[in-house]
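Accompanying notes for the structure given below.
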Amino acid sequence: MKQIAILVNPYLTRAEELYQPQRIGEELEALGAKASILKNAFSVHAERERFAEELSRRFDAAVYLDKDRYAPRVLEAHGMRLFDRAEAIELCDDKALTHIALEGLPMPRTYFAPLCYKGDAVPALGEVGEKLGFPLVVKECFGSFGEQVYLAKDGEELKALSERLKLRPHLYQEFIAESAGRDVRLICIGGEAVACMERRAEGDFRSNLARGGKGTPFSPTEEMRRLAREVCSRLRLDFCGIDFLLSKEGPLICEVNSNAFFGGIERETGVNVAGRYARHILSSIE
Ligand SMILES: Nc1ncnc2c1ncn2[C@@H]1O[C@H](COP(=O)(O)OP(=O)(O)O)[C@@H](O)[C@H]1O
Ligand SMILES: [Mg+2]
């Protein structure tokens, strides 16, 4: 019997965060594996290496639902197969790294703010305003639920935002006006599109469900499927949720979530996402 660890952040609180590991565990067990949900806190332990070694010995693989960047590196060094892999999680977590890794694929034009570590510095904005026009989107490189995504409607707002964010990694992006308040979320497993919904928001350009966006089933276009395969292969993803903006020229990759929540999309589409993922995990470690 395959033994699968499901590693979760030790500080989980949201119902949605607890639902995810339970659903995957349930589906793994329905397929005859043994799933154990564990808090991903071993890396603070003085005997970290011994713990990692023990976990790798006890389990055939681990579903990594946390975003801690260090533990997966330690686990992989001990031979553990992680879903998703450490590299994939890192590339997705940082929106600038994702953008760089996907260079050449259709994405909104994007500039990265230079690293700033001086509290009294005046942010260097270069030609961002002139090249992207207004309004433009400002995003922190690390963020989710639309909470770290902002709109600057003019140069004054751009300056104020870059002043506020200057000590944190962030980027400036072309605003895709025709997609305002609307995007497409595509869940991919093993490079294949398995569930898809359109998300629409009222009175906000961000369509995240967590901000009140409403999801409805959507049939992904061939182009979205092709892009999804390319994204998964470049980022070495087993599982992800890709957000597509709908531009006049076609779908643009907005961001890629290695740790995408699937509760909402399972409800909206009726697709058993956790079951599909469990099957992928078990067949990958055969
Ligand atoms: N360049 C953009 N143009 C128009 N809307 C955008 C753009 N970037 C993001 N959005 C909207 O904001 C939402 C959140 O942005 P996203 O990059 O997915 O960050 P998060 O990780 O917080 O979900 C997207 O789902 C989309 O609705
Ligand atoms: Mg998103």
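In this text, all values refer to a predicted model and were calculated from it rather than measured experimentally. Just follow the structure's listing: the first ligand is 1, and inside any ligand the first atom is 1.
When all heavy atoms are compared, the tightest approach of S162 to L125 is OG-CD1, 3.6 Å.
Between R225 and E223, no side-chain nitrogen of the basic residue sits less than 4.0 Å from a carboxylate oxygen of the acidic one, so the salt-bridge criterion is not met. Taking the charged nitrogens against the carboxylate oxygens, E53 and R50 have no contact shorter than 4.0 Å, which rules out a salt bridge.
Within the set L132, L245, I242, the minimum heavy-atom distance to atom 7 (C) of ligand 1 is found for L245. Nearest residue to atom 4 (C) of ligand 1 from F175, Y172, F244, F142 is F175 (criterion: closest heavy atom). If you check each of T110, D243, N208 against atom 13 (C) of ligand 1, the one with the closest non-hydrogen atom is N208.
The single protein non-hydrogen atom nearest to atom 1 (N) of ligand 1 is E174 O, 2.8 Å, given as residue, atom name and distance. The protein heavy-atom contact nearest to atom 25 (O) of ligand 1 is D183 OD2, 2.7 Å. For atom 20 (P) of ligand 1, the nearest non-hydrogen atom of the protein is E255 OE2, 3.4 Å. Atom 15 (O) of ligand 1 has V149 CG2, 3.7 Å as its closest protein atom, hydrogens excluded (heavy atom only). The closest protein non-hydrogen atom to atom 11 (C) of ligand 1 is F205 O, 3.6 Å. The nearest heavy-atom contact from the protein to atom 8 (N) of ligand 1 is K139 NZ, 3.1 Å.
Of the polar atoms of S207, at least one N or O is found under 3.5 Å from an N or O of ligand 1, judged by distance alone. Close N/O approach between G146 and ligand 1 is found [any backbone or side-chain N/O within under 3.5 Å].
Note on ligand 1: G143 sits in its first shell, one or more heavy atoms being nearer than 4.0 Å. Residue contacts with ligand 1 do not include S179, since none of its heavy atoms lies under 4.0 Å from the ligand. Ligand 1 has K95 within reach: a non-hydrogen atom of the residue lies less than 4.0 Å from it.
With a 6.0 Å radius and a threshold of 12 heavy atoms from other residues, nucleotides or ligands, K67 has its NZ atom above the threshold.
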Checklist line | side-chain contact (heavy atoms from CB on, under 4.5 Å) evaluation trace for I24 with E27 | finding: CA-CA 5 Å; I24 296 174; E27 296 291 343; 6.0 Å; no
Next item on the list: Test salt bridge (Lys or Arg N to Asp or Glu O under 4.0 Å) on R200 and E198 and set out the steps.
Entry: CA-CA 7 Å; R200 280 178 187 266; E198 181 186 4; 3.1 Å; yes
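Between R279 and N272, the side chains place no donor N or O within less than 3.5 Å of an acceptor N or O (distance only, hydrogens not considered). The closest side-chain donor-acceptor pair between N9 and E17, if any, does not fall under 3.5 angstrom. Under 3.5 Å, the side chains of K139 and Q148 contain no donor-acceptor pair of N or O atoms. Side-chain contact annotation: H78 with E49, donor-acceptor N/O pair under 3.5 Å present. Looking at Y150 and E140, their side chains do bring a donor and an acceptor atom within 3.5 Å of each other. A side-chain donor from one of D183 and S207 sits under 3.5 Å from a side-chain acceptor of the other. Side-chain N/O atoms of E266 and Y19 include a donor and acceptor closer than 3.5 Å. For the residue pair D238 and Y277, no side-chain donor N or O sits within less than 3.5 Å of a side-chain acceptor on the partner.
Residue-level proximity to ligand 1 for Q148 is absent, since no heavy atom of it falls below 4.0 angstrom. Within the 4.0 Å heavy-atom criterion, both parts of I176, backbone and side chain, lie near ligand 1. Counting heavy atoms closer than 4.0 Å to ligand 1, residue R206 contributes atoms from both its backbone and its side chain. At a 4.0 Å heavy-atom cut-off, ligand 1 does not touch R182 at all.
Around the Mg ion (ligand 2), the protein N, O or S atoms closer than 2.8 Å are D243 OD2, E255 OE2, listed by chain and residue number.
Atoms of ligand 1 found under 4.0 Å from any heavy atom of R199 (numbered from 1 in listed order, with element): 25 (O). Atoms of ligand 1 lying under 4.0 Å from at least one heavy atom of F145, given by number and element, are 22 (O).
Annotation: cation-pi geometry not satisfied between R109 and Y111 (NZ/CZ under 6.0 angstrom from ring centroid, within 45° of ring axis).
The side-chain contact (heavy atoms from CB on, under 4.5 Å) test applied to F134 returns L136, L158, not counting sequence neighbours.
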